[in-house]
Number of protein chains: 2
Amino acid sequence: MESQPSLDVARLGSALDRLTRLLRRSSLPGDLSPAAASTLYTLVTTGPARLTALAAAEHVSQPAMTQLVARLEAAGLVARGADPDDGRVVIVSATDAGRDLSLARRAARGEVLATLLGRLPRDQRDAIAAAVPALEGLVALGDADPGRA
Amino acid sequence: MESQPSLDVARLGSALDRLTRLLRRSSLPGDLSPAAASTLYTLVTTGPARLTALAAAEHVSQPAMTQLVARLEAAGLVARGADPDDGRVVIVSATDAGRDLSLARRAARGEVLATLLGRLPRDQRDAIAAAVPALEGLVALGDADPGRA
DNA sequence: TGACTTTCCATAGGTGCACTATATATTGTC
DNA sequence: GACAATATATAGTGCACCTATGGAAAGTCA
């Protein structure tokens, strides 16, 4: 463990956890479960996907994704289509309403974050801004290596 | 909104969300639900508390906290005690086993984070280290103002 | 071609964990 | 000693996940 005194992973982990719970309980439009919101977000940002691929991407079982998509479809947020080349697969895509809702939620969460950030001292705000690419890099590493993370 | 081009709140929010989900699905000892883990963590770090206070702190209903504490008690992680001055209240405290488990989970999550951080370029790692106090400040702001966040 | 295996999705049954509404017990007030 | 307020427990309900299994379509090979 190359533990650097300047980087306390326990503090970082705790702060990340608490910050996310803070954002999660902020009121967002749409009343979606975390998994539903994440799935919709994935569909909006990366385009249509088949059910099994979605389940893998969201780390839920395939039956859970079938149910989740059924709920989203009932809410008019996604549509199910057929693959012309393979009669088994279901192609899930976000509807216009789904896209709008996802973007609205993203914007609302951004508002909350922006409000909090605006009350932070300038140097701390700058420190967070400087860390954003690094945090994204961390996520990319974790996604690429699901075994360890 | 004083939107600075250097701080994309949407990117920050997305990165935080994905990072937390990454950490959440990493295997931790104890098999606790997120709410249970958070409650145990609160008890370990801030000491014994009454049921209603715990429910408020964790943002769940009082019956949900009653159930949660019952599960934690059955697992031997917390103990329920009486208040000598008020026969109605239940004082919940972490047992030694609960304290050990919570610390072990915190350490395990730190390990995962440390592993990921170790594979990040030095400058990015430094950027995250520099942002830790600011992230903690953000959490403090959010906790102090539950209305907006 | 026809049987076998694989892949993709749906359904069934069960569980965990949250919620609202309500009951019970204790405390403080008049 | 009623009465209101507070702290917790119980009942009933619903959502969202899981494993196990079923059925349909596609690929494989004698």
Side-chain angles (χ1 to χ4, degrees), chain A residues 17 20-21 24-28 30-43 48-93 146, chain B residues 17 20-22 24-28 30-43 48-93 101 105:
Chain A
D17 188 51
T20 304
R21 286 200 296 143
R24 220 183 266 297
R25 71 172 184 258
S26 63
S27 58
L28 297 179
D31 191 35
L32 297 179
S33 73
S38 177
T39 300
L40 186 57
Y41 181 86
T42 298
L43 285 174
R50 43 172 73 185
L51 238 165
T52 307
L54 267 184
E58 300 298 327
H59 298 276
V60 299
S61 67
Q62 171 264 311
M65 184 53 67
T66 293
Q67 285 188 333
L68 209 167
V69 167
R71 287 194 297 272
L72 289 173
E73 187 186 23
L77 301 175
V78 307
R80 301 156 52 104
D83 184 334
D85 296 338
D86 191 332
R88 296 167 300 181
V89 313
V90 170
I91 304 289
V92 184
S93 55
Chain B
D17 188 51
T20 303
R21 285 200 296 143
L22 204 72
R24 221 183 264 298
R25 73 171 182 258
S26 64
S27 58
L28 296 179
D31 192 35
L32 298 179
S33 72
S38 178
T39 301
L40 185 58
Y41 181 86
T42 297
L43 285 174
R50 43 172 74 186
L51 241 165
T52 307
L54 267 184
E58 300 297 326
H59 298 275
V60 299
S61 67
Q62 171 264 311
M65 185 52 68
T66 294
Q67 285 188 333
L68 209 167
V69 166
R71 287 194 296 271
L72 289 174
E73 188 186 23
L77 301 175
V78 307
R80 300 156 52 103
D83 184 333
D85 296 338
D86 192 332
R88 298 167 298 179
V89 314
V90 171
I91 303 290
V92 185
S93 56
L101 178 60
R105 289 174 63 90

Are OP1 or OP2 of [N] and a side-chain N or O of [X] less than 4.0 angstrom apart?
X: B:Thr66; N: D:dT10; value: no
X: B:Arg71; N: C:dG16; value: no
X: B:Arg50; N: D:dT8; value: no

Checklist entry - What side-chain hydrogen bond (donor to acceptor under 3.5 Å, both in side chains) pairs are there with at least one residue in residues 30-39 of chain B, not counting sequence neighbours? => result A:Arg21-B:Ser38, B:Ser38-B:Glu58
Item to check | Residue mapping more 5' on DNA chain D - nearest nucleotide basis, A:Leu32 or B:Val90 | outcome: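 Per heavy-atom nearest nucleotide, the more 5' residue is B:Val90.
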Next on the checklist: Among residues at least two apart in sequence or on other chains, which ones pass side chain to side chain donor-acceptor pair (under 3.5 Å) with A:Arg88?
Outcome noted: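 In terms of side chain to side chain donor-acceptor pair (under 3.5 Å), with neighbours along the sequence ignored, A:Arg88 is linked to A:Asp86.
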Checklist entry - What pairs with A:Gln62 under side chain to side chain donor-acceptor pair (under 3.5 Å), at least two apart in sequence or on another chain? => result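 Counting only residues at least two positions away or on another chain, A:Gln62 forms a side chain to side chain donor-acceptor pair (under 3.5 Å) with A:Thr66.
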Next on the checklist: A:Ala82: which residues meet the side chain to side chain contact (heavy atoms under 4.5 Å, CB included) condition with it, sequence neighbours left out?
Outcome noted: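 None.
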Item to check | With sequence neighbours excluded, residues passing side chain to side chain contact (heavy atoms under 4.5 Å, CB included) with B:Pro48 | outcome: B:Ile91, B:Ser93
Next on the checklist: Each nucleotide in nucleotides 19-30 of chain C should get exactly one letter: B, S or -. Can you fill that in based on protein heavy atoms under 4.0 Å?
Outcome noted: SBB----BS---
Atom pair distance, as rounded to whole Å: [atom1] in [X] and [atom2] in [N]:
X: B:Ile91; N: D:dT6; atom1: CD1; atom2: P; value: 18 Å
X: B:Leu54; N: C:dA18; atom1: CG; atom2: P; value: 13 Å
X: A:Glu58; N: D:dC17; atom1: CD; atom2: P; value: 10 Å
X: B:Asp83; N: D:dT6; atom1: CG; atom2: C1'; value: 13 Å
X: B:Asp31; N: D:dC17; atom1: CG; atom2: P; value: 17 Å

Next on the checklist: How close do B:Leu72 and B:Leu32 get, counting heavy atoms only, and between which atoms?
Outcome noted: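 Heavy atoms only, the tightest pair is CD2-CD2, 4.2 Å.
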Item to check | Sugar-phosphate, base or nothing in reach of A:Ala35, heavy atoms under 4.0 Å | outcome: sugar-phosphate
